[in-house]
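This report refers to the structure that appears directly beneath it.
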Amino acid sequence: MRASVLFGIVLILCACICSKLIWAKDADNLQDTCPADTARKNIFVNGFPCKNPAEVIASDFKSSLLSKKGDTDNFLGSSTNILTAAKFPGLNTLGLSVARTDFEVDGLVLPHSNPRASEMVFVSSGRVVAGFVDTKGRVFQKILNEGDVFVFPRGLLHYFYNIGFEFATVFSVLSSQNPGVVGISDAQFTPDNDSDSMKMLIKKLKSLSNLDVDRIDNATLLSYGDLPSNPWHLQI
């Protein structure tokens, strides 16, 4: 009797664990389509309410917002435009979003993470370095040429740098309709892009990106000595 009771308890625990794992992603859709109804601002749900099925049209599933390059006339020489269900109604409940990143020569995207999504990137043109940092502090990066694909696991810091001699464009697909972005520059540095801390980060990131290796051990982006007025540091 005790064995059967114990077996039952184990089954219940397994079911609970499995249910938690299943819900550790965007909720599955319960209908064929659910284009977002963004007009109803007073309804708060985990996602967006659906349009009336009788009003759904083919245009809900098309967007041209990524057809043109972004404004790269800025300090980092890059521009990222991400389409979520808020701008692309047809993505609602599908667990997807899409982005375009453009780079001038030497343009870069500083380390950041997407807490709710893994990201697959496709190099449309140019030559870039893509890398990410795992939870053990190891750096994984590769040089990507036109047509190459690279994956950033969910929640891990990752970055881009254009190491080519021409303009570069990268498209991304993310596994959440609202992946979120946590940027270390926004969270830890002053808004002044000319600050010593920001310049040091950019200098070390570019230096790191010049190494074409699968894994880089004991590389350092920032240390305490680099940031006399800011105790935050990133060891990778």
Side-chain angles (χ1 to χ4, degrees), residues 65-84 86-87 97-115 117 119 121-133 139-146 148 150 152 155-172 174 178-212 216 219-236:
L65 294 178
L66 299 184
S67 62
K68 297 181 180 179
K69 71 177 184 178
D71 182 8
T72 56
D73 185 17
N74 53 60
F75 181 72
L76 297 176
S78 68
S79 171
T80 298
N81 183 15
I82 183 168
L83 284 185
T84 65
K87 296 180 180 179
S97 55
V98 61
R100 171 176 177 159
T101 303
D102 296 301
F103 304 83
E104 297 289 348
V105 175
D106 289 332
L108 58 86
V109 173
L110 292 177
H112 64 284
S113 67
N114 304 115
E119 179 177 359
V121 301
F122 168 79
V123 180
S124 175
S125 63
R127 192 167 189 252
V128 302
V129 162
F132 67 87
V133 187
V139 181
F140 298 82
Q141 73 170 28
K142 288 295 292 182
I143 290 178
L144 306 180
N145 296 300
E146 183 175 329
D148 285 343
F150 196 73
F152 300 128
L156 298 185
L157 282 175
H158 53 277
Y159 55 89
F160 291 107
Y161 174 45
N162 182 4
I163 62 169
F165 300 102
E166 60 183 5
F167 195 87
T169 298
V170 173
F171 288 93
S172 304
L174 300 100
N178 185 23
V181 177
V182 178
I184 64 172
S185 58
D186 297 332
Q188 303 294 346
F189 294 114
T190 63
D192 181 10
N193 286 328
D194 292 325
S195 67
D196 291 339
S197 299
M198 182 66 75
K199 289 179 178 178
M200 182 63 69
L201 173 61
I202 292 174
K203 179 180 179 180
K204 291 196 173 184
L205 181 59
K206 289 183 176 180
S207 176
L208 178 66
S209 297
N210 287 328
L211 302 175
D212 180 23
I216 306 168
T220 303
L221 282 184
L222 292 177
S223 64
Y224 285 107
D226 298 327
L227 303 172
S229 61
N230 191 335
W232 180 84
H233 70 292
L234 172 64
Q235 297 282 348
I236 66 174

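Between the His158 side chain and the His112 main chain, a donor and an acceptor come within less than 3.5 Å of each other. The closest donor-acceptor contact from the side chain of Asn162 to the backbone of Gly107 lies at 3.5 Å or more, if one exists at all. Judged by distance alone, the side chain of Asn114 and the main-chain N or O of Gly180 form a donor-acceptor pair under 3.5 Å.
Nearest heavy atom pair, residue Ala130 against residue Leu144, reads CB-CD1, 3.6 Å. Contact detail for Glu166 and Val105: the closest heavy-atom pair is N-CG2, 3.7 Å. Nearest approach of Val109 to Ser78, heavy atoms of both residues: CG2-OG, 3.9 Å. Summarising the geometry of Pro179 relative to Thr84, their closest heavy-atom pair is CD-CG2, 4.2 Å, with the distance given to 0.1 Å. Heavy-atom minimum distance, Gly126 versus Ala168: CA-CB, 4.0 Å.
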Problem set entry | side-chain contact (heavy atoms from CB on, under 4.5 Å) between Val128 and Val121, intermediate numbers included | CA-CA 11 Å; Val128 302; Val121 301; over 6 Å; no

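Defined by atom type and a distance below 3.5 Å, a donor-acceptor pair is present between the side-chain atoms of Thr101 and Thr80.
Between Asp102 atom CG and Ser125 atom OG the span is 8.0 Å, to the nearest 0.5 Å. Expressed to the nearest 0.5 Å, how far CG of Leu108 lies from CD1 of Ile163 amounts to 12.5 Å. Lys69 NZ to Asn81 CG: the interatomic distance, rounded to the nearest 0.5 Å, is 14.5 Å. In this structure, OG in Ser97 is found 4.5 Å from CD1 in Ile82, a value given to the nearest 0.5 Å. The CZ atom of Phe140 sits 13.0 Å away from the CZ atom of Phe152 when rounded to the nearest 0.5 Å. Going from atom CG of Leu174 over to atom CD of Glu119 covers 4.5 Å, rounded to the nearest 0.5 Å.
In this structure, Glu104 and Phe167 have side chains that are in contact, with non-hydrogen atoms separated by less than 4.5 Å. Counting heavy atoms from C-beta on, the side chains of Tyr161 and Asp106 come closer than 4.5 Å.
Under a cutoff of 6.0 Å and an axis angle of 45°, Lys142 and Phe150 do not form a cation-pi pair.
Relative orientation of the Phe103 and Phe160 rings is perpendicular, given thresholds of 30° and 60° on the angle between their planes.
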